[in-house]
Visitor: 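Quick one: the structure is below, questions incoming.
Counting begins at 1 with the first residue of the sequence. Side-chain atoms are counted along with the backbone in the values below, which use heavy atoms only and exclude waters and symmetry mates.
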Amino acid sequence: MHAACRNLETTLSRTHAAGLVLSWDSAYAGVVDTPRPIRTPSVPVVSTETTLAEIAAAIELVARGGARQVTLVALSRPEAVAAEALAIAQAAGVQFRLSRDPASDSVSVFVGPTAE
């Protein structure tokens with residue numbers, strides 16, 4: 001037998017004789033907590049107020065000249081706040097438009113300069 005194996009056997013037998021429990025020993029596993037599944041949170045529902053605030057921020061960005069145009073995607077139900085957003089855009093003098101992608105059925109919001 002190789003010397004390293006003999007040393008390991010000696011160490012293990014002394015450990016068991018001393019009453020110590022090794023991490024891979026069956027007695028050690030008995031004191032480990034039983035794993036329980038953790039429920040992950042679902043995707044948070046974004047309110048229409050948040051969606052309107054995002055659109056209003058894009059309108060303000062374009063109106064102040066911080067951006068020439070802004071396209072917002074992955075908003076929660078932008079069509080629900082479209083009338084209010086349009087009123088804000090018209091008051092700011094910028095263009096507001098909703099576009100629906102037929103392939104993914106997602107709605108994007110475009111804010112940009114008015115067509116002259």
Side-chain angles (χ1 to χ4, degrees):
M1 185 184 303
H2 193 272
C5 291
R6 276 193 302 265
N7 288 341
L8 180 60
E9 276 186 355
T10 304
T11 303
L12 291 176
S13 62
R14 285 182 186 159
T15 303
H16 283 287
L20 299 174
V21 179
L22 301 172
S23 63
W24 61 82
D25 199 350
S26 61
Y28 183 81
V31 296
V32 175
D33 292 337
T34 305
R36 289 174 284 151
I38 298 172
R39 293 190 59 162
T40 56
S42 60
V43 176
V45 176
V46 179
S47 67
T48 54
E49 291 85 18
T50 303
T51 301
L52 183 59
E54 297 235 8
I55 295 171
I59 292 168
E60 192 68 25
L61 189 61
V62 172
R64 290 186 180 211
R68 177 159 165 66
Q69 64 186 32
V70 176
T71 301
L72 300 169
V73 297
L75 291 175
S76 176
R77 300 180 44 228
E79 58 276 0
V81 296
E84 285 180 82
L86 178 60
I88 295 169
Q90 286 175 340
V94 299
Q95 182 183 10
F96 169 82
R97 184 176 68 236
L98 293 178
S99 300
R100 183 175 300 278
D101 180 17
S104 65
D105 200 36
S106 62
V107 177
S108 61
V109 174
F110 172 84
V111 178
T114 55
E116 296 177 16

Visitor: Just how far is it from atom CD of Q90 to atom CD of Q95, taken to the nearest 0.5 Å?
Guide: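 Going from CD on Q90 over to CD on Q95, the span is 11.0 Å.
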Visitor: Among all residues two or more places apart in sequence or in another chain, which pass the salt bridge (charged side-chain N to carboxylate O under 4.0 Å, His left out) test with D101?
Guide: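 Counting only residues at least two positions away or on another chain, D101 forms no salt bridge (charged side-chain N to carboxylate O under 4.0 Å, His left out).
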Visitor: Applying salt bridge (charged side-chain N to carboxylate O under 4.0 Å, His left out), name anything that partners R100, two or more places apart in sequence or on another chain.
Guide: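 With neighbours one apart ignored, the set is D105.
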Visitor: Which heavy atom in V107 sits nearest to a heavy atom in P78, and how many Å separate them?
Guide: CG1-CG, 3.6 Å
Visitor: For a quick test of reading the model, state the closest non-hydrogen atom pair linking T48 to A80 and the distance between them.
Guide: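 Minimum heavy-atom separation between T48 and A80: CG2-CB, 4.1 Å.
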Visitor: State, to 0.1 Å, how close S108 and T71 come at their nearest heavy-atom pair, and which atoms those are.
Guide: CB-CG2, 4.3 Å
Visitor: Indicate the atoms forming the closest heavy-atom contact of A82 with L98, along with that distance.
Guide: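 Closest approach of A82 to L98: CB-CD1, 3.7 Å.
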Visitor: Sequence neighbours excluded, which residues qualify as side-chain hydrogen bond (donor to acceptor under 3.5 Å, both in side chains) partners of T50?
Guide: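 T50: side-chain hydrogen bond (donor to acceptor under 3.5 Å, both in side chains) contacts with S47.
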Visitor: Residues two or more places apart in sequence or in another chain: which of them pass side chain to side chain contact (heavy atoms under 4.5 Å, CB included) with L72?
Guide: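 So L72 forms a side chain to side chain contact (heavy atoms under 4.5 Å, CB included) with I55, A58, V70, L75, V109.
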Visitor: Please give me the minimum heavy-atom distance between A56 and I88, naming the atom from each residue.
Guide: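 Heavy atoms only, the tightest pair is CB-CD1, 4.5 Å.
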Visitor: Starting from F96, can I reach F110 by hopping between I/L/V/M/F/W/Y residues whose side chains sit under 4.5 Å apart?
Guide: no
Visitor: Residues two or more places apart in sequence or in another chain: which of them pass side-chain hydrogen bond (donor to acceptor under 3.5 Å, both in side chains) with E60?
Guide: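 Residues passing side-chain hydrogen bond (donor to acceptor under 3.5 Å, both in side chains) with E60: R64.
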Visitor: Scan for salt bridge (charged side-chain N to carboxylate O under 4.0 Å, His left out) pairs involving residues 72-93, sequence neighbours excluded, and state none if there are none.
Guide: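 Every candidate salt bridge (charged side-chain N to carboxylate O under 4.0 Å, His left out) pair involving residues 72-93 fails, so no pair, neighbours aside, qualifies.
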Visitor: For I59 and A92, work out which heavy atoms get closest and say how close.
Guide: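 Looking at all heavy atoms of both residues, the closest pair is CG2-CB, 3.7 Å.
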